[in-house]
Amino acid sequence: MDGQEGFVEHIASKAEDFSQWYTDVILKSELADYAPVRGCMVIRPYGYGLWENMQAHLDARIKATGHRNAYFPLFIPESFLRREAQHVEGFAPEVAWVTRAGSEDLAEPLVVRPTSETVIGYMYSKWIKSWRDLPVLINQWANVVRWEKTTRLFLRTSEFLWQEGHTCHRTAEEAEEETLRMLEVYRSFLTEDLAIPVIAGRKTEKEKFAGAVRTYSVEALMTDGRALQAGTSHNLGQNFAKVFDITFLDQDDELRHVWQTSWGVSTRLIGGIIMVHGDERGLALPPRVAPTQVVIVPIMPPAARETVLAVARDIQARLTKVSRVDLDAREEYSPGWKFNEWELKGVPVRLEVGPRDIKAGHVVLVRRDTGEKTTASMDGLEQAVRDLLKAVQDGLYSRAKRFMDENTHRVSDYDEFKAVMETKRGFVYAPWCGNQGCEAVIKEETGATIRCIPLAESPRPGACIRCGSRSNLWVYLAKAY
RNA sequence: CGGGGCGUAGCGCAGCUUGGUCAGCGCGCCUGCCUUGGGCGCAGGAGGUCGGAGGUUCAAAUCCUCUCGCCCCGACCA
């Protein structure tokens with residue numbers, strides 16, 4: 001088996017059948033499996049370990065910006081959901097209900113939370129009395145349920161895990177600052193920890209969260225050319241404050257409604273990691289969040305078995321101090337089998353050690369992103385591994401960034417735009433007149449939606465890609481998940 | 001919710017058109033031996049009410065009806 005083709009015969013080709021490849025990778029790498037309930041999945045230990053590492057990094061960033069964690073209940077009274085008109089309209093179609101307990105019908109039906117603005121708003125109205133109580137900066141890690149019509153592992157499941165932050169502020173300006181602050185937290189988390197480059201921007205009226213005044217998002221580009229909304233941050237204004245009567249007595253003795261935000265990212269990000277970094281051989285996990293960062297594969301001919309194992313265990317002990325390291329000493333699998341297995345699982349660095357290496361006083365290091373093999377001296381191995389993990393993290397980011405840049409198209413007219421969406425897809429960066437009619441027609445005719453109005457760009461005159469009207473508004477468009 | 005595809009051993013499948021030695025194959029799994037630098041080899045072995053319920057028939061994995069579930073592509077959403 002020395003040809004490229006034979007390496008990963010157990011998963012579909014990414015180039016030929018992206019969707020099947022995506023599903024195969026998840027199942028075969030043991031990130032997750034289908035549950036007996038329609039649309040639900042089991043996050044297996046390998047996938048959950050990945051999620052825990054993602055949580056740890058993001059949680060630290062959330063706490064570093066002054067927030068604390070709490071936990072609110074799974075069940076929400078039906079009446080709560082109905083109080084905010086846009087909110088109920090947005091979520092009602094996908095809400096799961098509890099109407100009975102044991103053999104008794106409930107006096108008031110409960111919904112299983114699709115998001116927690118309402119129940120948290122209710123609690124905030126009890127807790128907040130004075131301007132001195134503000135801001136309230138609370139986050140929760142939880143599960144939510146949205147009964148989607150069709151589902152996909154990690155990207156869209158009936159139940160998913162996420163964090164949702166819910167804050168209250170004294171002024172509109174503070175709320176807007178908070179909304180943008182958390183968008184930046186997501187941007188840096190995605191780029192620095194997950195090695196996923198993103199476009200940060202504002203959603204259009206049509207695409208914003210049900211009940212928000214303004215929604216911001218970070219948008220990532222998958223390697224099949226479709227965009228993924230990777231995180232959202234909403235400025236809720238006083239919409240929920242008014243219906244839940246969240247008021248405070250201000251310094252000037254005036255009773256005022258608070259200004260709120262909410263923001264979240266979910267296990268959907270795992271789907272993003274797979275589709276941004278994965279390749280024909282399977283997963284490629286960013287070292288910062290990989291459950292296993294280094295796997296040691298000992299080469300153990302019977303005669304050298306004890307010697308090699310002793311060295312491998314010693315290396316494992318040393319590397320444990322600088323990384324998450326596993327030793328794969330299973331005897332029922334050949335080294336070649338293990339190489340493929342760990343590549344499928346996306347482990348960033350593989351360390352091979354056998355009789356030849358021991359004699360030479362070095363080990364073989366192989367990086368997952370490029371497949372590049374190097375040798376590293378036994379002396380200073382810790383530093384070499386640390387450097388290599390950093391290099392893989394950076395390598396994954398640069399590769400993804402280059403892909404996003406190369407697949408962000410400037411088009412000169414509407415026909416070219418349509419052609420791009422039909423062939424290579426990717427982002428299209430173009431002026432838009434701001435008219436919802438144009439937005440709808442674009443979606444109808446090209447399948448692309450306005451992903452966001454970027455924050456970073458400075459406006460300059462252009463002609464709307466659809467109608468030709470003069471506009472300073474440049475937007476990113478793409479087919480989205 | 002529209003269009004398409006599919007449910008036969010843990011996984012992937014053949015068999016169905018033309019009912020009757022069709023309960024079969026590959027992988028995986030178990031036992032033993034052997035091997036180990038890119039998915040080793042040999043020998044033996046375990047495992048399936050053919051998604052479910054009705055119906056037709058002397059006889060149903062195969063034909064008919066209903067039903068449950070899954071995947072893909074769209075529309076909707078994180």
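Residue numbers begin at 1 in each chain, while the letters A, B, ... track the order of the sequences.
Using a 4.0 Å cut-off on heavy atoms, the residues of residues 214-236 of chain A that approach RNA chain B are A:R226, A:Q229, listed by number.
Distance check on atom P: B:A23 versus B:C50 gives 12 Å, rounded to whole Å.
By the side chain to side chain contact (heavy atoms under 4.5 Å, CB included) test, A:A312 pairs with A:I296, A:P298, A:L327, A:V353, sequence neighbours left out.
The number of heavy-atom neighbours closer than 6.0 Å to CD of A:E52, taken from other residues, nucleotides and ligands shown, is above 12.
Nearer to the 5' terminus of RNA chain B, by closest-nucleotide assignment, is the contact made by A:D357 (compared with the other of A:F154 and A:D357). Summary of the strand contacts: A:V364 and A:Y481 both lie near RNA chain B, and taking for each the nucleotide with the nearest heavy atom, the more 5' one is attributed to A:V364.
Stacking between A:F160 and B:A78 is shown: the ring centroid lies under 5.5 Å from the centre of the six-membered base ring, and the planes differ by under 30°.
RNA chain B contains the following stems of three or more consecutive Watson-Crick or G-U pairs, with both distances under 3.5 Å: B:1-7 with B:68-74, B:10-13 with B:24-27, B:29-33 with B:41-45, B:51-55 with B:63-67.
In this structure, A:E439 does not pair ionically with A:R466, as no charged nitrogen and carboxylate oxygen lie closer than 4.0 Å.
In this structure, A:R113 is not positioned above the aromatic face of A:F72 in the sense of NZ or CZ being under 6.0 Å from the six-membered ring centre and within 45° of the axis. A cation-pi arrangement is not found for A:R61 relative to A:F189, the charged atom failing to lie both closer than 6.0 Å to the ring centre and inside a 45° cone about the ring normal.
Following rounding to the nearest Å, A:E445 (CD) and B:G74 (C1') show an atom-to-atom distance of 17 Å.
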